[in-house]
Every structure is written in C-alpha cells, then in structure tokens.
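Below is one structure, written out as structure tokens; the observations come after it.
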There are 2 protein chains.
Amino acid sequence: MASTDSDPEDAITKEEIAGTAPAPDPGTAGISQGTKRNAFTELMSPKTKTTAKDPGPEPKTLASTRGALTRSFKERDGLGAYTHDPASFPASRVIYYSDDFVAIHDLYPKSTVHALLLPRSPAPSRQHPFDAFEDPAFLATVRAETAKLRRLVGKELQRRYGRHSAREREREAVLDGEMEWEEGRALPPGRDWERELLVGVHAHPSMNDLHIHVLSPDMISDCMRHRKHYNSFNTPFLVDVADFPLAADDPRRHPGRAGYNSRDLVCWRCGENFGNRFKQLKEHLAEEFEEWKKE
Amino acid sequence: MASTDSDPEDAITKEEIAGTAPAPDPGTAGISQGTKRNAFTELMSPKTKTTAKDPGPEPKTLASTRGALTRSFKERDGLGAYTHDPASFPASRVIYYSDDFVAIHDLYPKSTVHALLLPRSPAPSRQHPFDAFEDPAFLATVRAETAKLRRLVGKELQRRYGRHSAREREREAVLDGEMEWEEGRALPPGRDWERELLVGVHAHPSMNDLHIHVLSPDMISDCMRHRKHYNSFNTPFLVDVADFPLAADDPRRHPGRAGYNSRDLVCWRCGENFGNRFKQLKEHLAEEFEEWKKE
DNA sequence: TATTCCGATAGTGAC
DNA sequence: GTCACTATCGGAATGAG
Ligand SMILES: Nc1ncnc2c1ncn2[C@@H]1O[C@H](COP(=O)(O)O)[C@@H](O)[C@H]1O
Ligand SMILES: Nc1ncnc2c1ncn2[C@@H]1O[C@H](COP(=O)(O)O)[C@@H](O)[C@H]1O
Ligand SMILES: [Zn+2]
Ligand SMILES: [Zn+2]
C-alpha cells in the first residue's frame with residue numbers, strides 16, 4: 001500500500017521543477033520524454049488545506065500577474081492570464097506554449113490527468129466555441145494542436161498507469177524476450193491510451209476564454225464535487241472536437257433545454273445508474289479506476 | 001451580562017429536584033407556587049453534547065423504562081412511556097399527572113416554555129386528534145384539563161419574564177405603593193400571559209399518542225431547527241383546541257394539500273416575511289423575544 | 001455548465 | 001409534520017494598492 005517517492009502516479013513537488021522556464025518548442029516543452037517524471041504532474045490538489053510552501057489554487061499568483069497586465073481578471077476570465085503571459089507560470093502549470101496556443105494543466109482537474117488547450121488569437125478566444133469553430137481554418141489549426149496535446153496526455157497516462165496494464169505488460173514482455181513470440185509477427189501494440197481520452201468543449205462553458213478539454217476518462221479527482229461536474233464530461237454536454245461544425249439543429253446547441261446537466265449519474269465504464277447519489281458514484285469510480293488501469 | 005444562580009430564566013439542575021416524587025394533586029403538583037423556582041424549568045437542551053450527569057434527551061431512560069413495561073416504544077411511540085408510567089420520570093419532565101392526564105415538558109421544546117398534555121385513556125390516545133375530539137365528552141375533559149395546564153404555563157411565563165414586563169411592573173409599583181393610584185380604582189391587571197399562549201394539536205401529528213401542545217409564542221429554542229418546526233406552530237397547521245369539532249370541509253383536515261408546512265417563514269410578531277431564510281428568522285426572533293418580554 | 005462558503009433541503013435509519 | 005446524520009441542492013459573493 002505504501003507508495004514510494006518515485007511512484008509515477010505521484011505528483012512532483014513544486015521544488016522539483018523550480019526554475020524550469022517553459023520551453024519554446026510546443027511539441028515537447030514541459031515533457032521530459034525519456035524520464036520517469038515530467039511536467040504532467042500536478043500541483044497539490046486545490047481546496048485541501050494550503051501549506052506555507054504551496055498556497056494552492058493561487059489567487060495570489062493571479063493577482064500579481066494581473067498587476068503586470070494592467071488588466072483585471074475576474075472569476076470567469078481566469079484563463080486569460082495564461083494566454084496573456086504564459087511565461088509567468090511554472091512548468092507544473094503550463095505544459096507548453098507557442099505563438100498560437102497555450103496548453104495547461106486544469107487548476108481544478110476533474111480526472112487524474114486534465115489538460116486545457118487555449119488558443120491565443122484574441123478574436124476566437126472570446127467567442128463561444130460553437131461560433132469560433134464555424135471558421136474552418138481556425139477549426140483546422142485547433143484540431144491539429146488538439147491532436148498534439150492528445151498525444152502528450154496519452155503518453156502521460158502510459159507513464160502513470162502502464163505498469164498496471166495487461167496489454168502494456170504483454171508488449172513489454174515480448175520486447176524483453178520474456179515471452180514467446182512468433183518470428184516476424186507484429187509486436188503487440190500495447191494499450192491505445194489516446195483512444196480513451198475525452199477531448200472537447202463544454203456546450204455552455206463557464207470560463208470565458210475558449211478552451212478545449214483533454215482529459216483521462218477516469219473522473220478521479222478531489223475537484224470532482226457534484227453532479228454537474230460529472231455530467232459535463234459524461235453526457236453530450238461535452239462536445240467532441242471531431243463533431244464540428246455542428247448542424248444548425250444539433251440539440252447540443254441548447255444544453256439547458258436538453259437537460260444534460262441534471263441527468264442521473266451514470267458510471268462511464270459500466271453504465272450503472274446512481275441517480276442522485278454522487279458520493280456512491282465516487283466510491284464506485286474509485287473501484288472502476290483500479291480495474292480500468294489493469295486493462 | 002453575567003447571569004446569577006437565581007436567574008428565573010435559568011433552568012434548574014437535575015440535582016435540585018432529585019428525589020421529588022410527582023405530587024398526586026394535578027392542580028399544582030410540580031409547581032412550587034410561592035417560590036422563585038419550580039418544575040417549569042427544563043433539562044439541558046437536547047443535541048448539545050451530553051454530559052455524564054445529564055444524558056440529555058434520554059434514550060437510556062426510555063430504554064430502561066421499556067424493560068419494565070414489556071413493551072417496545074418505537075420512535076413515534078415515545079410519548080406512551082409517560083402515560084404508562086408517569087411516576088418513573090423526574091419532576092423536571094413530568095409536570096403533574098392524574099388518572100386521566102399527564103402533563104410533561106416537551107423533550108424537544110420549540111419555545112422557551114413548551115408543555116404537552118397527554119390523555120391517558122388508551123382508546124382516544126391512539127386516535128387522530130380530529131377523530132378523538134369528535135367525542136364531545138372527551139373533548140370537554142380535554143378542554144378543562146388544557147385550561148389548567150394553560151394557567152400553569154401562563155404563571156411560568158410570568159415567573160420568568162414578569163420582571164421585564166412594563167405592565168407587570170406597573171401593577172407591582174401600585175401594589176408596593178411606589179406609584180400614584182386613584183383610591184378605589186381597580187388595580188392594573190398586569191400582563192395576561194395566558195392569552196398569548198399557543199394551545200392546540202398538529203393537523204398531522206408525528207407522535208402517535210394524542211397530545212396537546214401548550215407553549216409560549218416566542219419560538220426561541222435550540223430545538224427549533226427548520227421550517228417545518230416553525231410553521232407547525234405558526235400556520236393553521238396548529239389547530240386550536242377551541243376550534244373543535246372541525247367542520248367536515250375544514251381545509252386543515254388536509255394539511256399537505258394546503259401546504260402549510262412549506263409556506264414562507266413569517267415572523268409571528270411583526271409579520272416580516274423571511275422566505276426560506278430560516279437562520280435569519282431565528283436571529284430576528286431573538287430580537288423580537290427581547291421586545292416581547294418588555295410588553 | 002468557474003470556486004467557495006454557507007445554509008436550506010431531502011432521504012435514511014432508529015430495535 | 002419525532003430526532004439525528006449524512007449528503008444533496010441552492011443561492012451569493014468572488015475584486016478593491
Ligand atoms: N484559474 C484557472 N486556471 C486553470 N484552469 C481553470 C481556472 N479556473 C477554472 N479552470 C478550469 O477551467 C475549466 C472551465 O470549464 P468550462 O468553462 O465549463 O469548460 C474547468 O475545468 C476549470 O477547472
Ligand atoms: N420522547 C419524547 N418526550 C417528550 N416529548 C417528545 C418526545 N419525542 C418527541 N416529543 C415531542 O412531541 C411533539 C410531537 O409533535 P407532533 O407529533 O408534531 O404534534 C414534538 O413537540 C416533540 O418535540
Ligand atoms: Zn461502473
Ligand atoms: Zn418580527
């Protein structure tokens with residue numbers, strides 16, 4: 001039961017990444033590909049009591065950033081800080097950035113891995129995603145960048161949970177010569193972590209700056225606190241980037257009318273219906289998480 | 001601010017009434033009429049952490065009583081213990097009893113003084129009050145006994161709050177010769193505490209044994225905890241004993257349909273509407289209580 | 001369908 | 001509309017050298 005210091009599921013500490021300037025190469029910046037640890041680890045989860053060293057979801061940090069920008073970031077404008085000045089954030093928060101995009105770790109992750117892709121173009125950033133994605137050129141660049149971030153998040157899941165995975169271990173065993181394998185036959189592919197990721201936008205975002213969610217399907221997080229959190233990622237309220245542009249009569253254009261957020265709670269993995277019993281769903285999800293890792 | 005040991009608003013301790021057997025005379029038993037203190041004082045209020053000396057609203061006491069009776073008192077039958085064996089309770093709980101009635105202090109009082117009258121006749125005791133009161137003879141005896149308890153409770157209010165009351169002090173001043181008063185003119189009557197008491201039954205009782213509430217209108221109590229508590233004494237859900245027998249089409253026969261218990265919270269004294277804001281109502285009631293005592 | 005705090009509402013179990 | 005416990009649901013504020 002005791003986890004070791006090098007447990008890949010552990011979050012690294014702030015100190016361990018201190019001084020690491022965000023790398024300019026958007027493809028790999030913030031990811032130490034050959035090492036066990038990388039920037040895809042999170043700060044201490046929010047709302048747990050803040051320590052002296054780590055003030056948690058930092059109103060202080062945002063406030064100080066704001067001073068430099070002569071601009072006020074209200075509650076729902078919090079993501080603007082990242083696109084305005086990505087360099088001011090530690091690598092534990094900003095995964096990478098370029099002139100056009102910033103990728104970050106969600107400050108209130110709803111799964112064990114939860115990243116956001118933030119386009120930096122001011123105009124579409126202020127639009128509703130359904131409107132912004134009407135522009136085919138913009139949609140294309142977002143899709144391409146989302147694919148990149150998706151690969152990174154997939155690799156992070158592999159790094160964290162690969163050792164639990166039956167498929168990954170099979171591949172490893174063949175590679176290490178520990179398992180019989182027909183000469184010339186293709187290697188076992190290992191697990192396709194990317195395929196299971198949730199990638200999309202909320203039908204009615206609360207944060208004003210355009211952002212695309214890229215997250216593990218596990219829904220394991222202390223920040224997952226109520227029904228709307230869960231349903232926003234496990235109903236049509238989450239609109240896959242692949243689904244754009246939306247038809248004019250797509251019901252997801254009226255998420256309130258469709259009532260996605262008030263649906264019964266249903267396990268994403270086995271379909272069990274939990275009604276309103278959020279806490280029981282959470283306990284069930286913890287069990288599903290263990291099984292899921294083993295696939 | 002510091003209260004003295006003899007503050008008439010204080011509850012007396014269990015020790016002070018220890019060994020006091022309930023007096024057989026239902027008219028005055030449990031009330032020490034000539035003294036400052038009497039049995040109209042309450043045990044430590046429930047749900048505050050129980051001490052070793054006073055276990056609070058005593059599941060222990062009821063459980064041990066049950067053993068002697070070879071009978072199980074479930075949650076909603078808790079009042080049966082008093083009519084079955086009133087002598088087994090301390091005078092701080094049982095105000096008085098006779099062959100036909102037991103008067104007790106409500107274990108979860110919803111006002112500073114809150115008594116219950118329990119008829120001991122088994123048949124009507126198990127009926128809904130609306131049905132039991134269809135019997136004119138029974139209703140007459142209940143009315144007479146309720147009038148007695150009402151007088152006792154009125155006297156208790158006078159004992160507790162009389163020193164704050166302008167009308168009581170006026171009378172006292174005349175009696176003491178401290179105030180000019182025309183020769184032969186009737187004395188100032190003092191305050192009619194009885195008149196303000198709430199006396200009645202709940203349109204849909206939760207406790208199975210027939211009981212009549214007799215309580216101060218102040219609604220000041222730690223046991224007053226939610227909207228239904230308050231509305232059950234401050235809407236037509238409380239049916240005055242004087243209103244019986246009820247007409248066949250009286251809307252109070254269908255309290256759920258009438259929605260009394262889900263009404264907005266309205267101050268009993270000034271009529272201010274607090275909507276759903278129970279806590280604010282409670283704070284307001286504390287202020288009203290101070291003013292009310294001064295009347 | 002931002003978080004957080006606080007409080008009102010709702011379901012359960014009570015031997 | 002018993003109590004007591006837990007959990008769910010609901011509104012309001014969120015900034016201010
Ligand atoms: N200051 C912040 N930094 C990073 N992520 C945030 C911040 N504030 C909110 N979020 C996340 O932004 C997302 C906004 O969700 P939505 O607007 O519903 O698509 C949520 O997942 C939040 O956890
Ligand atoms: N064990 C008990 N001893 C004395 N009073 C009780 C007991 N249990 C409940 N009560 C009171 O009985 C009353 C029942 O209210 P109702 O049935 O709505 O008329 C409430 O005022 C309770 O506080
Ligand atoms: Zn499941
Ligand atoms: Zn008032």
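Since this is a predicted model, take the numbers as computed values, not measurements. Labels below follow one simple rule: chain letters A, B, ... track the order of the sequence lines, proteins then strands, and each chain is numbered from 1.
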What is the separation between atom [atom1] on [X] and atom [atom2] on [N], rounded to the nearest whole Å?
X        : N      : atom1 : atom2 : answer
B/Asn208 : C/dA14 : CG    : P     : 18 Å
A/Asn261 : D/dC9  : CG    : P     : 11 Å
B/Asp264 : C/dA8  : CG    : P     : 13 Å
A/Gln280 : C/dG11 : CD    : P     : 15 Å
A/Glu75  : D/dA13 : CD    : C1'   : 8 Å
A/Leu265 : D/dT8  : CG    : P     : 9 Å
A/Met224 : C/dT3  : CE    : C1'   : 15 Å
A/Glu283 : D/dT8  : CD    : C1'   : 14 Å

Please classify the nucleic acid contact of [X] as base, sugar-phosphate, or nothing, using heavy-atom distances under 4.0 Å.
X        : value
A/Tyr230 : sugar-phosphate
B/Phe274 : nothing
B/Lys282 : nothing
A/Pro255 : base

Expressed as a whole number of Å, how far does the P atom of D/dC5 sit from that of C/dC15?
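The same atom, P, in both gives a distance of 13 Å.
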What's the gap between D/dG17 and C/dA2 when it is taken at their C1' atoms, as a whole Å value?
26 Å
Would you call the rings of [X] and [Y] parallel, tilted or perpendicular if under 30° counts as parallel and over 60° as perpendicular?
X        : Y        : value
A/Phe133 : A/Phe244 : perpendicular
B/His114 : B/His213 : tilted
A/Tyr260 : A/Phe237 : perpendicular

Among [options], which nucleotide sits nearest the side chain of [X]?
X        : options             : answer
A/Met207 : D/dC9, C/dA2, C/dT9 : C/dA2
A/Lys279 : D/dA4, D/dA7, C/dT3 : D/dA7
A/Phe278 : C/dT3, D/dT8, D/dC3 : D/dT8

Would you say a side-chain N or O of [X] is under 4.0 Å from OP1 or OP2 of [N]?
X        : N     : answer
A/Arg76  : C/dT3 : no
A/Arg225 : C/dT4 : yes
B/Asn276 : C/dT9 : yes
A/Arg227 : D/dT8 : no

Look at B/Arg126 together with B/Asp77 and state whether they make a salt bridge at an N to O cut-off of under 4.0 Å.
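Result for this pair is yes, salt bridge flagged.
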Mapping A/Phe237 and B/His226 to their closest nucleotides on DNA chain C, which lands nearer the 5' end?
A/Phe237
Mind checking the CE-CZ spacing from A/Met207 to A/Arg76? Nearest 0.5 Å is all I need.
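Reported value, rounded in 0.5 Å steps: 8.5 Å.
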B/Val113: which of B/Leu215, B/Leu197, B/Asp218, B/Val153 passes side chain to side chain contact (heavy atoms under 4.5 Å, CB included)
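The passing option is B/Val153.
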In the strands shown, is C/dA14 matched to any nucleotide by a Watson-Crick or G-U wobble pair with both distances under 3.5 Å, and which?
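Across all strands, the one nucleotide that pairs with C/dA14 is D/dT2.
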